[in-house]
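Remarks on the structure that follows.
Chain letters run A, B, ... following the sequence lines, proteins first and then strands; every chain starts at 1.
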Amino acid sequence: MTLRLEQVTLTHGDGDEQVHALDDVGLEVQPGELVAIVGPSGSGKSSLLAVSGALQTPNAGQVEVDGVDVIRASKAERARLRRERIGFVFQADNLVASLTVLEQVLLPRYLQGHRPGQDRDAAHRLLEEVGLAHRATHRPHQLSGGERQRVGIARALMNDPALLLVDEPTSALDHRRGLEIVGLLARETAAHRVATIMVTHDHSMLEHADRTLAMEDGHLTRAH
Amino acid sequence: MFLALRELRFAKGRFSLVGLVIALVATLMVLLSGLATGLVDDGIAGLRALPATHLAFDEDADVSFPSSIVERDTWESLAEAPGVEEAAPLGNTLFNARTDQDVPVDLALFGVEPDSFLAPEPQDGAPLGAEADGVVIAEAIADQGVEIGDRLSIEVVGLDLTVAGIAPTGTFGHVPVAYAPLDVWQQAAFGHSPDAADRASTIALRLDDGADVAGLDAGHGTETVTRSESFHASPGYTEETQTMQMIQAALYLISAVLVGAFFVVWTVQRRQEIGVLKALGATDRLLLREALGQSAILIAASAAAGLAVGSLLGSLVGDQVPFSLQLGPVLSSMGLLVLFGLVGAAFAIRRITAVDPLIALGGSR
């Protein structure tokens, strides 16, 4: 099991103002599985990603990523976990403005201490997989929204992650391009045997998911 | 420096602008350094040219040339004292003189005994003592059209001098030095007072390395300082150096604040990107190293450009302005400029550590 959440509770604020972002959430995701989580904004979807991605520590419960107990891990160990075992695809415009497409994809390896340029071949292969080999020397401001998300996916896969966390990948795209991106995510999930969680508020983007769950007021339930 | 260099290239407009301002500060710094060295040198070059290691002042004079008067007994006794190779009286007074053509000439009149070790060796003309009222003048006076054989009159004391020779005697208190025989100087300084012949301003000394300076002072009622310490006794020297140092300190501060302010804005602008990098597992250490390296490149390159422009401008400065670029002071002021800039940058860059990687996730914004 790549990701295991057990009885995870995350609260914001205190006293009467206390809000349960996550309320007794349990979730398991296997390698090669694409799990979609739908829900309105504020339902706790992002908190689920933050906790799964070792960005935020829950108030209670168990979080295990690729065999690592995230709750017990230090700040440095969590950064290392993100660097080496987790891939993130954020919402639009989360590329580094000064880097070319190829350099974006090389970035995770640089953060691991590799010399830039050492992993060019692997980066080129990933760009071919996402259909952007011809854009390798372009910068983010020269790309369309869909192309940016493809770069984000290639970047997230560069460190051979066990867990891929995808935050609203279609929010800046029209329907057709959105579906293309989700289709790409499904293919890459299978090809790289990575456990993928995709968070979205768009119910029309679920056809490629192996499993769909719904998030509402911090509760995770089967989708209806 | 993977990120730092690419950012420099990507945002070259913004970096060039702040770089330009740093370069202008550096240019100003170079010009100021040249002016400081030149100006200070203009105040004390005549002292530096003295073949003495130390100068002895009257102990009550507070190491000041105008207030110090020493007596013949003192210099004669000092000349015989242990550790003293040479001791000779030195008179030192600023005068306004006029040439035959009625052109006013300022001079720092140095009175020395013509047979002492202080007597200048003229490049042109006759040495001191060849004529009773003959003086050896600095080249700067000759440049004003004064020639050998001309008369210089010091009207205020009613004394006429004859230009006997020309030598590189330097300046004192921004005024060219003219050497006169001690008795001529005594007459100029003290008139016909009966004690005049036994007086000088200070005593120039050549001391052995291990000489007991405190012992000499105690025995003779003098206060002996090294030649370079005596620069402070030169009129305006301390004030000039302090003014220059204050302006330089202000420029260092400006450099620190300027670079700091730029990197505060730059870091705040990149907050989202820094959050993304941290979410991808970038450590604070790596991000700080990148940012500090980036500021170091920016500041060093700008300072180098400013140094080049400043040196070029400095070489165009004419003889009218005392300007002298010395490698040591220029490089140390550039070094401090870069250092202060880095301190400013470091303060700004610190806030990288406060960025929460959570901001990379859209929903939690």
Side-chain angles (χ1 to χ4, degrees), chain A residues 12 21 39 41-50 53-56 75-76 78-88 90-100 103 106-117 139-141 152 155-156 158-159 165 167-169 171-172 199 201, chain B residues 1-19 262-263 265-295 297-298 349-350 352-365:
Chain A
H12 296 307
S41 58
S43 60
K45 297 181 316 250
S46 289
S47 295
L48 185 75
L49 284 189
L55 290 171
Q56 209 168 14
K75 191 183 167 201
R78 278 183 276 134
R80 184 192 170 97
L81 184 69
R82 294 200 297 273
R83 224 159 41 227
E84 297 186 345
R85 304 308 297 147
I86 302 177
F88 285 97
F90 302 107
Q91 290 191 22
D93 288 332
N94 274 307
L95 301 176
V96 179
S98 57
L99 300 185
T100 65
E103 288 162 352
L106 287 169
L107 181 63
R109 288 300 177 95
Y110 173 66
L111 297 182
Q112 287 177 2
H114 289 219
R115 274 206 320 279
R139 292 209 161 72
H141 67 271
R155 180 176 74 180
M158 187 64 188
N159 58 351
L165 300 171
D167 184 20
E168 301 273 8
S171 64
V199 151
H201 66 276
Chain B
M1 300 273 250
F2 180 68
L3 294 165
L5 293 172
R6 282 161 182 82
E7 266 169 16
L8 281 172
R9 210 179 314 152
F10 181 68
K12 38 181 172 314
R14 266 166 288 181
F15 281 110
S16 313
L17 268 182
V18 71
F262 174 79
F263 277 98
V265 174
W266 179 240
T267 308
V268 168
Q269 271 185 352
R270 291 175 55 240
R271 192 165 160 271
Q272 176 71 15
E273 201 165 282
I274 292 166
V276 169
L277 288 167
K278 282 190 168 188
L280 296 182
T283 56
D284 283 344
R285 233 184 82 187
L286 178 132
L287 293 175
L288 290 173
R289 201 177 57 208
E290 292 271 353
L292 207 61
Q294 185 176 60
S295 60
I297 292 172
L298 172 72
I349 286 162
R350 258 183 336 160
I352 285 177
T353 61
V355 175
D356 189 340
L358 206 53
I359 62 170
L361 290 174
S364 34
R365 255 182 289 189

Exercise for the section: Give the intermediate values and the outcome of side chain to side chain contact (heavy atoms under 4.5 Å, CB included) for residues A:Val96 and B:Leu277. Expected result: CA-CA 8 Å; A:Val96 179; B:Leu277 288 167; 4.1 Å; yes
Practice task
Examine whether an atom of A:His141 lies under 4.5 Å from a heavy atom of chain B, and if so say whether it belongs to the side chain, the backbone or both; otherwise answer neither.
Solution key: side chain
Fill in the blank from the handout: Across all chains, not counting sequence neighbours, the salt bridge (charged side-chain N to carboxylate O under 4.0 Å, His left out) partners of B:Glu290 are none
Exercise for the section: Against chain B, label A:Arg139 side chain, backbone, both or neither, depending on which of its atoms sit under 4.5 Å from a heavy atom there. Expected result: side chain
Handout entry: Heavy-atom pair count under 4.5 Å with chain B, highest-scoring of A:Leu165, A:Leu81, A:Leu107
Key = A:Leu107
Practice task
Using the side chain to side chain contact (heavy atoms under 4.5 Å, CB included) rule, take A:Thr100 and B:Arg6 through it: C-alpha gap first, then chi angles, then the decisive distance, then the call.
Solution key: CA-CA 9 Å; A:Thr100 65; B:Arg6 282 161 182 82; over 6 Å; no
Practice task
Against chain B, label A:Glu84 side chain, backbone, both or neither, depending on which of its atoms sit under 4.5 Å from a heavy atom there.
Solution key: neither
Problem - Heavy-atom proximity to chain B below 4.5 Å, by part of A:Leu99 - result: side chain
Practice task
Locate the shortest heavy-atom distance separating B:Ala279 from A:Phe88; write the atom from each residue and the value.
Solution key: O-CE1, 3.3 Å
Exercise for the section: With B:Leu280 as reference, evaluate A:Arg155, A:Arg82, A:Gln112 under the side chain to side chain contact (heavy atoms under 4.5 Å, CB included) test and give the passing residue. Expected result: A:Arg155
Exercise for the section: Under 4.5 Å heavy-atom distance to chain A, tell me which part of B:Glu273 shows up: side chain, backbone, both or neither. Expected result: side chain
Fill in the blank from the handout: If one checks every heavy atom of B:Leu8 against chain A at 4.5 Å, the contacting part turns out to be neither
Problem - Selection from A:Gly113, A:Ala97, A:Ala156 maximising heavy-atom pairs under 4.5 Å formed with chain B - result: A:Ala97
Handout entry: Contacting region of A:Ala76 [heavy-atom separation from chain B under 4.5 Å]
Key = neither
Fill in the blank from the handout: A:Ser46 and B:Leu361 have their tightest heavy-atom pair at O-CD1, 3.7 Å
Handout entry: Least distance between heavy atoms, A:Tyr110 atom then B:Met1 atom
Key = OH-N, 3.3 Å
Problem - Nearest-0.5 Å distance, CG of residue A:Leu111 to CG of residue B:Leu3 - result: 7.0 Å
Handout entry: Shortest non-hydrogen contact between A:Asn94 and B:Ala360, atoms and distance
Key = ND2-O, 3.8 Å
Exercise for the section: Could you tell me which portion of A:Lys75 (side chain, backbone, both or neither) has an atom closer than 4.5 angstrom to a non-hydrogen atom of chain B? Expected result: side chain
